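This one's a predicted model, so the numbers in the text were calculated from it and none came from an experiment. Any value given below was found using the heavy atoms of this structure, including those in side chains, with hydrogens, waters and symmetry copies removed.
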Amino acid sequence: QLQVVESGGGLVQPGGSLRLSCAASGFTLDYRRIGWFRQAPGKEREGVSCISTSGGSTNYGDSVKGRFTISRDNAKNTVYLQMNSLKPEDTGVYYCAAGPSPVFGLCWLSGSDYNYWGRGTQVTVSS
């Protein structure tokens, strides 16, 4: 069974940090673009960040630039999202998504570029 599984969410105070992980089961993340998306209650899904197959190219949503960092460890079949200086507006369910393989080049924050989606992990930023 092909699955993408997110972990690392939780409750954190404003200004705090969390690191989300995205792992794959049943397939490899190699040669796939990986994206992080989030959805807050009552809002549309928003692209947060993505990383190219080599890790050499990344992309970030305007609201998280300078605070979030995406990285990948292909040896561990895992992609990470380091989130610093968290704000209450970062609250939401965070989803990891993997694109088709093999795909090279830049990544984009468009949901249609990804075909394997996890069930999400809740991130709550509150005092």
Residues at least two apart in sequence or cross-chain that pass ring-ring contact (aromatic ring centres under 6.0 Å, His included) with Trp108, listed by chain then number, are none
Using the test salt bridge (charged side-chain N to carboxylate O under 4.0 Å, His left out), find all partners of Arg38 that sit at least two apart in sequence or belong to another chain. Glu46, Asp90
Kindly write out the residues that satisfy salt bridge (charged side-chain N to carboxylate O under 4.0 Å, His left out) with Lys65, not counting sequence neighbours, or none if the list is empty. Asp62
Main-chain N/O of [Y] paired with [X] side-chain donor or acceptor, under 3.5 Å:
| X | Y | result |
| --- | --- | --- |
| Arg67 | Ser85 | yes |
| Ser127 | Gln13 | no |
| Tyr60 | Ile70 | yes |
| Arg45 | Ala40 | no |
| Asn77 | Leu29 | yes |

ILVMFWY network linking [X] to [Y], side-chain heavy atoms under 4.5 angstrom:
| X | Y | answer |
| --- | --- | --- |
| Leu2 | Ile34 | yes |
| Tyr116 | Val93 | no |
| Tyr95 | Phe68 | no |

Side-chain heavy-atom pair [X], [Y] within 4.5 angstrom cut-off:
| X | Y | result |
| --- | --- | --- |
| Gln82 | Ser17 | yes |
| Ser126 | Pro88 | no |
| Arg72 | Tyr80 | no |
| Leu20 | Thr121 | yes |
| Thr91 | Val123 | no |

Contact summary for [X] and [Y], nearest pair of heavy atoms:
| X | Y | value |
| --- | --- | --- |
| Ala98 | Arg32 | CB-CD, 4.3 Å |
| Ser52 | Gly56 | OG-N, 3.4 Å |
| Arg119 | Glu6 | N-OE1, 3.3 Å |
| Ser21 | Trp36 | O-CH2, 3.6 Å |
| Val64 | Val48 | CG2-O, 3.5 Å |
| Val79 | Ser71 | CG1-O, 3.2 Å |

Are the aromatic ring centres of Phe37 and Trp117 under 6.0 angstrom apart? yes
Rounded distance (nearest 0.5 Å) linking atom [atom1] of [X] with atom [atom2] of [Y]:
| X | Y | atom1 | atom2 | result |
| --- | --- | --- | --- | --- |
| Thr69 | Met83 | OG1 | CE | 11.0 Å |
| Thr58 | Leu106 | OG1 | CG | 10.0 Å |
| Asn59 | Ser49 | CG | OG | 7.0 Å |
| Arg33 | Ser101 | CZ | OG | 11.5 Å |

I would like to know whether Ser63 and Glu89 meet side-chain contact (heavy atoms from CB on, under 4.5 Å); could you show each step before the answer? CA-CA 9 Å; Ser63 61; Glu89 51 263 44; over 6 Å; no
Side-chain donor-acceptor pair present, Ser112, Ser110, cut-off under 3.5 Å: yes
Do you see a donor-acceptor pair shorter than 3.5 Å between the side chains of Asp73 and Thr78? no
Where do Thr124 and Val12 land on the side-chain contact (heavy atoms from CB on, under 4.5 Å) test, with the steps shown first? CA-CA 6 Å; Thr124 303; Val12 63; over 6 Å; no
For side-chain contact (heavy atoms from CB on, under 4.5 Å), just list the numbers for Phe27 and Val4, CA-CA rounded to whole Å, side-chain angles, deciding distance to a tenth of an Å, and then say yes or no. CA-CA 9 Å; Phe27 68 106; Val4 173; 3.6 Å; yes
Going through the checks in order, is the side-chain contact (heavy atoms from CB on, under 4.5 Å) test met by Cys50 and Tyr114? CA-CA 10 Å; Cys50 66; Tyr114 305 89; 3.3 Å; yes
